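Only a predicted model underlies this, so the values are computations on that prediction, with no experimental measurement involved. A, B, ... follow the sequence lines: proteins, then strands. Residue 1 opens every chain.
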Amino acid sequence: MSGDHGHGDSQANSGSKGSDSHKHKDKHKDKEHRHKDHKKDKEREKLKHSNSEHKEHSEKKHRDKEKLRHGDGSSDKHREKHKEKDKDKEKRREEKIKSSHADKPKKEKENGYVRNTSPAVIKSEPEEDNGFYPSPQHIKTSKREYDDEECEYKPKKVKTEHDKKAKKRKHEYEEDEDESADINSYSDADAIVVSSLRGCVLLLFVVIRWEEERYTDGSKWRFLEHKGPVFAPPYEPLPDKVKFYYDGKPMKLNPPAEEVATFFAKMLDHEYTTKDIFRKNFFKDWRKEMTSEEKSKITDLNKCNFSEMSEYFKAQSEARKQMSKEEKLKIKEENERILQEYGFCIMDNHKERIGNFRIEPPGLFRGRGDHPKMGMLKRRIRPEDIIINCSKDSKQPKPPPGTKWKEVRHDNKVTWLVSWTENIQGSIKYIMLNPSSRIKGEKDWQKYETARRLKKCVDRIRNQYREDWKSKEMRIRQRAVALYFIDKLALRAGNEKEEGETADTVGCCSLRVEHIKLYPKMDDQEYVVEFDFLGKDSIRYYNKIPVEKRVFKNLQLFLENKQPEDDLFDRLNTSILNKHLQELMDGLTAKVFRTYNASITLQQQLKELSCSDDSIPAKVLSYNRANRAVAILCNHQRAPPKTFEKSMQNLQTKIDEKQNQLSAARKQLKAAKADHKASHDDKSKKTVEVKRKAVQRIEEQLMKLQVQATDREENKQIALGTSKLNYLDPRISVAWCKKWGVPIEKIYNKTQREKFAWAIDMAEKDYEF
DNA sequence: ACAGAAACTTAGGAGCATGTGT
DNA sequence: ACACATGCTCCTAAGTTTCTGT
């Protein structure tokens with residue numbers, strides 16, 4: 001598998017800690033060989049450019065391409081939080097800082113490092129980005145202002161009078177409940193609303209949502225009506241012929257124990273059913289469901305044989321695939337009916353799509369990465385577990401016959417419709433609205449507006465933290481270095497987590513000593529920091545970057561007298577950091593940096609890569625590359641598709657074929673030309689034209705295939721979706737499409753267009769983030 | 001001021017629907 | 001018409017931030 005990617009291996013493997021990585025063969029091996037090749041080097045080059053926003057950071061960004069997924073079971077090291085501070089150590093560190101601070105001016109001169117920002121300048125800036133919110137008039141007057149003002153979603157009651165365009169829109173949208181309304185008069189983005197209108201008696205005012213009134217008191221809605229959740233179907237006991245064997249002997253289980261056994265049987269093909277923790281947790285929870293008789297008999301999971309059950313389920317799913325068209329249609333219709341009945345709610349004057357109206361079915365918990373609770377039983381949720389949230393004056397949802405809700409409340413300070421407490425972590429789960437809803441769209445918009453406000457003061461903040469690297473207080477230095485990482489590397493904040501409750505993953509503030517390595521010199525670079533840790537979802541973050549000398553020195557200081565499992569930033573946590581950020585800019589938190597850096601990178605990359613001479617597919621490739629730069633920045637990875645190699649080969653075959661076709665066509669053209677030269681008649685002239693066209697067409701097709709191949713290769717282990725959906729201001733993409741004449745459908749699929757309807761509606765081609 | 005709970009966003013993967021080429 | 005690849009939808013875990021109570 002690695003043989004054909006020669007030069008990527010050393011890097012890839014250097015970070016692989018997995019001692020039992022062989023267990024994960026197919027998937028894991030692939031991930032381990034996320035290799036570096038020329039294309040990727042190019043990519044990396046681009047990324048460097050993309051960070052020119054950080055130009056005041058003197059060093060260039062060197063991002064290592066190898067973002068490897070970490071093997072399971074590699075760090076079952078026992079950890080102890082050394083939160084108890086050793087007073088002596090502390091004192092010594094503080095003293096060291098003081099002394100190093102004392103001789104700083106000298107050093108600074110030596111370095112020729114001059115601060116170019118006078119305090120006065122720093123001070124003058126806050127006035128600009130603090131405390132200014134546009135009046136309602138600002139928001140209304142024009143589209144441009146819509147884009148450029150920070151339409152801060154500080155709940156101001158804004159009843160919008162619409163500008164021309166909005167009026168037109170309103171006219172279009174403002175059909176009332178007449179369900180025979182002409183579907184064609186609705187925009188694509190509202191197709192979902194339209195389809196929901198069919199067969200629906202509910203009153204509906206489709207008004208353009210993101211221009212509607214907001215609430216000043218923190219309430220999220222006035223009216224909320226829905227039908228409650230859809231519960232998982234009840235358990236259907238297995239037919240008698242399907243047997244479970246214990247110690248080689250058939251044994252009929254009672255339904256509760258049988259149900260849990262089927263959960264295990266369904267997962268038999270998964271590698272994790274072989275894991276000790278998984279098996280242990282499962283067995284413990286399974287036994288809780290057994291009768292005392294079963295309990296006394298079944299004492300060893302290794303003696304359990306679930307294979308008949310497993311076969312049965314495989315056969316069932318096979319049968320489902322083989323169903324006739326009619327049967328499939330019937331199921332589809334039933335699903336549609338349920339969607340229509342339970343999938344929508346009325347919030348204020350809109351009928352809105354609900355996100356997840358189905359209650360999570362029971363099953364075995366599988367956390368990601370090395371999760372201590374994997375295999376535990378996720379219990380069935382009953383109506384008695386459910387809290388309903390709706391408005392007092394709405395028609396309350398009815399619990400299934402013979403059951404009761406746990407509670408019905410009317411809390412309009414929150415956006416959820418239904419909640420319940422989950423039994424694995426004891427956390428609360430919610431049913432909320434779809435991303436296309438007004439309430440989510442507005443929030444999304446607000447998020448990007450906050451990021452844009454950061455754009456205005458990011459220079460000031462960067463100067464500030466660079467200044468803070470010199471502070472005499474340890475906590476301030478730590479805060480400043482952490483913020484630098486968050487800004488430069490788009491790391492997550494990194495909350496503390498309860499040990500033993502979840503997989504051992506970290507973010508910036510929770511980095512431990514063992515997660516970084518310092519290299520005063522590496523190849524031709526100085527002050528290189530190597531990061532290697534598991535982040536959210538146990539996705540490995542591996543990166544080597546040169547940092548400024550001062551950062552490097554600080555890191556050395558933070559590492560002094562610490563054990564590998566000690567916190568790197570022992571005087572810092574997310575709440576301290578965010579409090580600080582809040583003082584720097586209203587609404588600023590650590591994650592805003594990720595949003596800001598992602599969006600600004602996209603904008604820059606698009607500017608750099610787009611070329612008006614390009615064909616549409618080439619432009620789309622440029623877009624995907626810009627998108628990819630962001631995904632790399634944010635470390636959004638995916639497992640290479642199972643069929644990757646094969647599909648790549650197929651594509652290559654197609655390309656080869658096209659090339660043959662092309663040379664054949666060219667020959668024909670040549671022959672036709674010669675023919676024409678000889679005869680000079682009309683007929684041969686026509687033939688030349690026909691052949692010329694053919695060549696052209698084939699050239700285009702070939703180009704398209706090649707572009708496709710490039711795109712796919714570059715995308716092997718990078719997931720574009722996450723950044724597209726959560727980090728990139730959609731107005732940038734919309735504006736780009738308008739500017740370069742690329743249909744929006746090339747960039748966003750239907751769901752995405754629904755989610756970003758607000759942006760599609762408001763961004764013009766000159767929009768700037 | 002802090003801890004724990006609540007609320008809400010961000011995340012990757014499974015599985016299914018759809019489209020495409022033969 | 002069929003097989004197969006691809007893209008999309010759903011699912012729900014895992015984060016961050018905010019709120020609440022002491």
Side-chain angles (χ1 to χ4, degrees), chain A residues 27 31 69 218 220 267 270 317 320-321 328 331-332 335 339 343 355-361 363 365-369 371 373-374 378 387 389 411 413-416 419 421-422 424-435 439-440 443-444 446-447 486 491-498 501-503 505-510 534-539 573-579 581-582 587-595 598 631 634-639 641-644 646-648 650-651 654 708 712 717-727 748-752 754:
Chain A
K27 215 172 182 178
K31 284 170 194 165
R69 224 165 264 232
K220 308 284 168 63
M267 302 173 102
H270 269 114
S317 85
R320 226 172 301 128
K321 275 182 212 150
K328 280 184 180 166
I331 292 174
K332 208 175 165 185
N335 278 333
L339 174 69
N356 54 328
F357 55 92
R358 286 171 203 274
I359 297 281
E360 297 172 17
F365 176 81
R366 167 59 182 164
R368 308 201 178 129
H371 198 115
K373 298 195 171 180
M374 65 169 82
K378 209 171 98 164
I387 301 173
N389 194 30
D411 181 357
K413 300 281 191 287
V414 297
T415 66
W416 54 268
S419 77
T421 303
E422 155 266 0
I424 304 288
Q425 316 279 358
S427 63
I428 307 170
K429 300 240 176 175
Y430 304 93
I431 290 180
M432 290 183 188
L433 297 192
N434 194 70
I439 208 155
K440 296 285 185 191
K443 200 79 190 296
D444 209 33
Q446 180 200 353
K447 173 181 78 185
I486 285 171
L491 300 188
R492 294 187 186 83
N495 286 301
E496 292 128 299
K497 307 166 67 184
E498 214 171 318
E501 295 293 301
T502 58
T505 62
V506 297
C508 186
C509 295
S510 52
L534 298 185
K536 181 176 181 180
D537 292 322
S538 291
I539 296 293
N573 61 38
T574 51
S575 121
I576 295 171
L577 180 66
N578 279 335
K579 217 163 274 166
L581 292 175
Q582 189 58 236
L588 187 61
T589 60
K591 87 186 180 85
V592 179
F593 281 89
R594 248 167 106 79
T595 311
C634 295
N635 200 36
H636 291 142
Q637 300 190 42
R638 63 166 186 177
K642 284 187 189 75
T643 53
F644 186 84
K646 204 173 137 206
S647 82
M648 225 40 216
N650 290 347
L651 198 54
K654 270 191 209 166
Q708 206 185 338
R712 194 181 299 176
Q717 62 236 17
I718 295 165
L720 300 185
T722 306
S723 50
K724 199 186 247 186
L725 237 44
N726 300 301
Y727 289 103
Y748 290 139
N749 68 28
K750 188 163 150 287
T751 317
Q752 292 163 343
E754 276 160 18

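- Residue H636(A) holds its NE2 atom at 11.5 Å from CD1 of I718(A), rounded to the nearest 0.5 Å.
- For the atom pair M648(A) CE and K646(A) NZ, the distance stands at 15.0 Å (nearest 0.5 Å).
- Within the nucleic acid shown, T751(A) comes within 4.0 Å of sugar-phosphate atoms alone, with no base atom in reach, counting heavy atoms only.
- What separates CZ of R368(A) from P of dA13(C) is a distance of 8 Å, to the nearest Å.
- The phosphate of dC8(B) (OP1 or OP2) has a side-chain N or O of T415(A) nearer than 4.0 angstrom.
- Each of R594(A) and M432(A) has a nearest nucleotide on DNA chain B; the 5'-most of these lies closest to M432(A).
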For K497(A) and S510(A), what are the C-alpha separation, side-chain angles and deciding distance, and is it a side-chain contact (heavy atoms from CB on, under 4.5 Å)?
CA-CA 9 Å; K497(A) 307 166 67 184; S510(A) 52; over 6 Å; no
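- Listed pair K413(A) / dA7(B) fails the phosphate criterion, with no side-chain N or O lying under 4.0 Å from OP1 or OP2.
- Residue S647(A) is the one, among S647(A) and E422(A), whose nearest nucleotide of DNA chain C lies closer to the 5' end (criterion: closest heavy atom).
- Using cut-offs of 30° and 60° on the angle between ring planes, the pair F365(A) and H371(A) is perpendicular.
- Distance from the side chain of I539(A) is smallest to dG12(B) among dG12(B), dC11(C), dA13(C).
- Distances shown here put every side-chain N or O of N356(A) at or beyond 4.0 Å from the OP1 or OP2 atom of dC11(C).
- Residues T502(A) and Q425(A) have side chains in contact (heavy-atom distance under 4.5 Å, counting atoms from C-beta outward).
- Backbone-only contact: P361(A) has heavy atoms under 4.0 Å from sugar-phosphate atoms and none from a base.
- In this structure, G721(A) reaches neither bases nor backbone, as no heavy-atom distance under 4.0 Å exists between it and the strands shown.
- Computed from coordinates, the Y748(A) OH to dT9(C) P distance equals 15 Å when rounded to whole Å.
- Proximity of S427(A) to the phosphate of dA6(B): no side-chain N or O atom is located under 4.0 Å from OP1 or OP2.
- The local environment of NZ in K413(A) is crowded, with over 12 non-hydrogen atoms from other residues, nucleotides or ligands closer than 6.0 Å.
- Note on R492(A): every side-chain N or O is 4.0 Å or more away from OP1 and OP2 of dA14(C).
- In this structure, the CD atom of Q425(A) is 15 Å from the P atom of dG4(B), given to the nearest Å.
- Side-chain contact annotation: T415(A) with K440(A), donor-acceptor N/O pair under 3.5 Å absent.
- Note on T505(A): only backbone sugar-phosphate atoms sit closer than 4.0 angstrom, heavy atoms only; bases stay farther off.
- Across all strands, K378(A) comes closer than 4.0 Å only to sugar-phosphate atoms, never to a base (heavy-atom distances).
- The distance from atom NZ of K220(A) to atom C1' of dC19(C) is 11 Å, rounded to the nearest whole Å.
- In terms of phosphate contacts, N726(A) brings no side-chain nitrogen or oxygen within less than 4.0 Å of OP1 or OP2 of dT9(B).
- At the phosphate of dC8(B), neither OP1 nor OP2 sits under 4.0 Å from any side-chain N or O atom of K440(A).
- At the phosphate of dA13(C), OP1 or OP2 sits under 4.0 Å from a side-chain N or O atom of K429(A).
- Atom-to-atom, CG of N749(A) to P of dA17(B) comes out at 17 Å; the value is rounded to the nearest Å.
- Taking atom CZ on R638(A) and atom C1' on dG7(C), their separation rounds to 11 Å, with Å as the unit.
- Between Y727(A) and the phosphate of dA11(B), there is a side-chain N or O to OP1/OP2 separation shorter than 4.0 Å.
- The residue among K654(A) and G426(A) whose nearest nucleotide of DNA chain B is located toward the 5' end is G426(A).
- Within the 4.0 Å cut-off from OP1 or OP2 of dG12(B), at least one side-chain nitrogen or oxygen of T722(A) is found.
- One N or O donor and one acceptor, one from the side chain of K536(A) and one from the base of dT10(B), sit under 3.5 Å apart.
- Using a 4.0 Å cut-off, some side-chain N or O of N578(A) falls inside it from OP1 or OP2 of dT17(C).
- For dA5(C), the OP1/OP2 oxygens have no side-chain nitrogen or oxygen of T643(A) closer than 4.0 Å.
- Applying the 4.0 Å criterion to OP1 and OP2 of dT10(B), one finds that K447(A) has a side-chain N or O inside that range.
- Rounded to an integer number of Å, the gap from NZ of K373(A) to C1' of dA14(C) is 13 Å.
- A sub-4.0 Å separation between OP1 or OP2 of dA11(B) and a side-chain N or O of H636(A) is present.
- When heavy atoms are screened at a 4.0 angstrom cut-off, A590(A) is found touching the sugar-phosphate backbone but no base atom.
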Please test K373(A) against E501(A) for side-chain contact (heavy atoms from CB on, under 4.5 Å), starting from the C-alpha separation and ending with a verdict.
CA-CA 7 Å; K373(A) 298 195 171 180; E501(A) 295 293 301; 2.9 Å; yes
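- Per the geometry, CH2 belonging to W416(A) stands 13 Å off C1' belonging to dA5(B), to the nearest Å.
- For T589(A), whose side chain is taken as the heavy atoms from C-beta onward, the closest listed nucleotide among dT17(C), dA13(C), dG15(C) is dT17(C).
- Among the atoms of the strands shown, none is found under 4.0 Å from any heavy atom of G507(A).
- Y430(A) comes within 4.0 angstrom of a base, heavy atoms only.
- Here the nucleotide nearest the side chain of K591(A), chosen from dA11(B), dT17(C), dA7(B), is dT17(C).
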